[in-house]
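Keep in mind that the numbers below use all heavy atoms, side chains included, and drop hydrogens, waters and symmetry copies.
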Amino acid sequence: MITVDAHVHLWDPDLHDHAWLRAAGDAELRRSFGLDDLVAAAAPSSTHIVVQAGRTVAESRWLLGLAARSARIAGVVVHGDLGDAAVVDTIDALRASDGGPALVGLRDPVGAGEGARLGRAQVRRSMAALAERGLTVDLLLGHGTLDDAYQVARDLPQVRFTVDHAAVSAVDVRRDGLRGWAARLAPLGTLPNVVAKLSGLGKATAEPGGVRLPDVARVALDVFGPHRLMFGSDWPVSTLWAPYGDVARATARALGGLTADETAAVWGGTAAAAYGLGPPGTAGIANRMTTLLQGENP
């Protein structure tokens with residue numbers, strides 16, 4: 001079923017620094033998770049959007065190098081500081097490097113606790129410049145940042161925005177309730193340049209007092225519709241709660257009742273459109289899928 005998994009990570013702590021991994025209490029994540037591990041875990045015919053988990057340009061180059069040698073990586077979303085006037089020059093240099101064509105977007109966790117930063121002039125100039133290059137901006141949003149995200153997405157209709165993890169967390173749900181989160185998310189759904197990932201929900205759905213995955217899926221479908229919603233496994237972080245296949249199956253059950261066309265959108269078509277992989281639907285990545293099925297070295 002999976003054509004494009006819109007949110008996975010690859011990392012090697014021996015090659016690149018990850019402060020958040022050192023600080024994390026989850027020791028099982030503090031090891032290398034490489035492409036071979038992903039291929040072994042994921043569906044045989046799936047491709048993946050790799051979202052950079054670290055913050056260095058060296059790691060960006062490493063991920064793009066992996067993409068240059070594997071059809072299993074459909075695209076790479078690199079890390080960057082949108083408030084840095086030089087970030088676009090860095091992106092241009094990466095696009096000219098090995099694997100550069102696989103660079104499809106940038107993520108700056110600008111919305112994680114500091115939503116007002118989205119209103120800064122340099123941040124918005126950087127976003128506009130990325131849009132001129134056909135790139136997508138991933139937004140990692142938390143409590144109190146959805147209003148700021150709506151304002152920037154409304155003011156920059158030429159920019160494609162992707163809301164990671166449907167902007168939900170167990171903390172938000174315990175504080176605001178499911179309806180509170182849904183009400184804050186809903187304005188983003190009115191903007192055609194915003195899509196969302198049904199991803200990274202293991203913690204939110206596993207913790208006591210958390211939210212049920214079917215409820216999150218229903219809200220996300222109501223807000224964005226299937227053609228602006230995409231599946232993301234959040235592997236390997238998701239392995240803290242379930243194996244890759246179980247995450248995909250649980251998501252499929254939560255999304256039950258979709259038409260064939262809607263199903264194709266959530267499991268690949270929306271990601272292909274959002275990240276410029278091709279036209280909406282799975283046809284835009286047919287050549288890549290054919291290469292995989294013919295036995296190209298992953």
Side-chain angles (χ1 to χ4, degrees), residues 4-24 26-42 46-82 84 86-110 112 126 130 133-140 162 164-165 197 199-200 232-240 244 271 274-277 285 288 291-292 296-298:
V4 183
D5 177 346
H7 201 99
V8 303
H9 304 291
L10 301 173
W11 61 66
D12 187 341
D14 292 332
L15 293 178
H16 309 105
D17 181 62
H18 289 82
W20 72 273
L21 272 178
R22 295 197 309 272
D26 306 305
E28 52 266 55
L29 293 181
R30 294 198 293 269
R31 67 170 181 86
S32 173
F33 286 90
L35 184 57
D36 289 345
D37 299 307
L38 175 60
V39 169
S46 61
T47 60
H48 308 272
I49 300 293
V50 178
V51 179
Q52 184 175 349
R55 292 176 176 254
T56 67
V57 175
E59 187 178 48
S60 301
R61 294 185 185 279
W62 176 68
L63 292 173
L64 291 171
L66 293 177
R69 293 181 287 280
S70 176
R72 294 298 293 265
I73 300 179
V76 177
V77 176
V78 300
H79 171 84
D81 180 357
L82 290 167
D84 182 355
V87 69
V88 177
D89 292 336
T90 300
I91 292 297
D92 286 342
L94 288 170
R95 294 177 77 203
S97 67
D98 183 34
L103 199 162
V104 296
L106 177 146
R107 181 170 79 159
D108 177 347
V110 65
S126 296
L130 293 174
R133 289 155 173 77
L135 302 177
T136 297
V137 175
D138 270 42
L139 294 176
L140 184 61
T162 296
D164 290 351
H165 311 326
K197 296 179 184 179
S199 63
S233 66
D234 197 33
W235 184 94
V237 179
S238 58
T239 62
L240 294 174
Y244 187 101
Y275 288 110
L277 307 181
I285 51 174
R288 182 179 294 274
T291 300
L292 284 172
E296 185 263 0
N297 183 0

The ring-ring contact (aromatic ring centres under 6.0 Å, His included) partners of His7 (sequence neighbours excluded) come to His9, His165
With sequence neighbours excluded, tell me which residues meet side chain to side chain contact (heavy atoms under 4.5 Å, CB included) with Ala41. Trp235, Tyr244
What's the verdict on side-chain contact (heavy atoms from CB on, under 4.5 Å) for Val78 and Leu103, showing C-alpha distance, side-chain angles and the deciding distance? CA-CA 7 Å; Val78 300; Leu103 199 162; 4.1 Å; yes
Is there a side-chain contact between Val4 and Ile49, using heavy atoms and a 4.5 Å cut-off? yes
Measure the acute angle between the ring planes of His18 and Trp11, then classify it against the limits of 30° and 60° as parallel, tilted or perpendicular. tilted
Short side-chain donor-acceptor distance under 3.5 Å, Asp5 and Ser233: yes
Quick one: side chain to side chain donor-acceptor pair (under 3.5 Å) pairs with a partner in residues 94-104, sequence neighbours left out? Arg69-Asp98
Salt bridge (Lys or Arg N to Asp or Glu O under 4.0 Å) involving Arg31 - partner list, sequence neighbours excluded: none
What residues form a side-chain hydrogen bond (donor to acceptor under 3.5 Å, both in side chains) with Thr239, not counting sequence neighbours? none
Can you name the nearest heavy-atom pair linking His48 to Ala42, along with the distance? CE1-CB, 3.6 Å
Check side-chain hydrogen bond (donor to acceptor under 3.5 Å, both in side chains) between Ser60 and all other residues, then give those that pass, not counting sequence neighbours. Gln52
Mind checking whether Ile73 and Leu66 have side chains closer than 4.5 Å, heavy atoms only? yes
Using salt bridge (Lys or Arg N to Asp or Glu O under 4.0 Å) as the criterion, list what pairs up with Asp89, not counting sequence neighbours. none
Could you tell me whether the side chain of Thr90 reaches within less than 4.5 Å of the side chain of Asp84, counting heavy atoms only? no
Main-chain N/O of Ala74 paired with Thr47 side-chain donor or acceptor, under 3.5 Å: no
Pairs involving residues 57-82, ordered by first then second residue, that meet ring pair (Phe, Tyr, Trp, His ring centres under 6.0 Å) (sequence neighbours left out): His16-Trp62
Could you work out, with side-chain hydrogen bond (donor to acceptor under 3.5 Å, both in side chains) as the rule, every residue matching Thr162, not counting sequence neighbours? none
Minimum side-chain heavy-atom gap Leu82-Leu106 below 4.5 Å: yes
Taking C-beta and beyond as the side chain, do Val137 and Leu139 meet within less than 4.5 Å on heavy atoms? yes
Could you go step by step and tell me if Val51 and Val8 meet the side-chain contact (heavy atoms from CB on, under 4.5 Å) rule? CA-CA 6 Å; Val51 179; Val8 303; over 6 Å; no
Can you find a heavy atom in the side chain of Leu10 that is under 4.5 Å from one in the side chain of Leu38? yes
Contacts of Asp37 that satisfy salt bridge (Lys or Arg N to Asp or Glu O under 4.0 Å) - sequence neighbours left out: none
Enumerate the salt bridge (charged side-chain N to carboxylate O under 4.0 Å, His left out) contacts for residues 10-21, please, sequence neighbours excluded, ordered by first and then second residue. Asp17-Arg22
Salt bridge (Lys or Arg N to Asp or Glu O under 4.0 Å) partners of Asp164, counting only residues at least two apart: Arg107, Lys197
Kindly indicate whether the side chain of Val50, heavy atoms from C-beta on, has any atom under 4.5 Å from the side chain of Val77. no
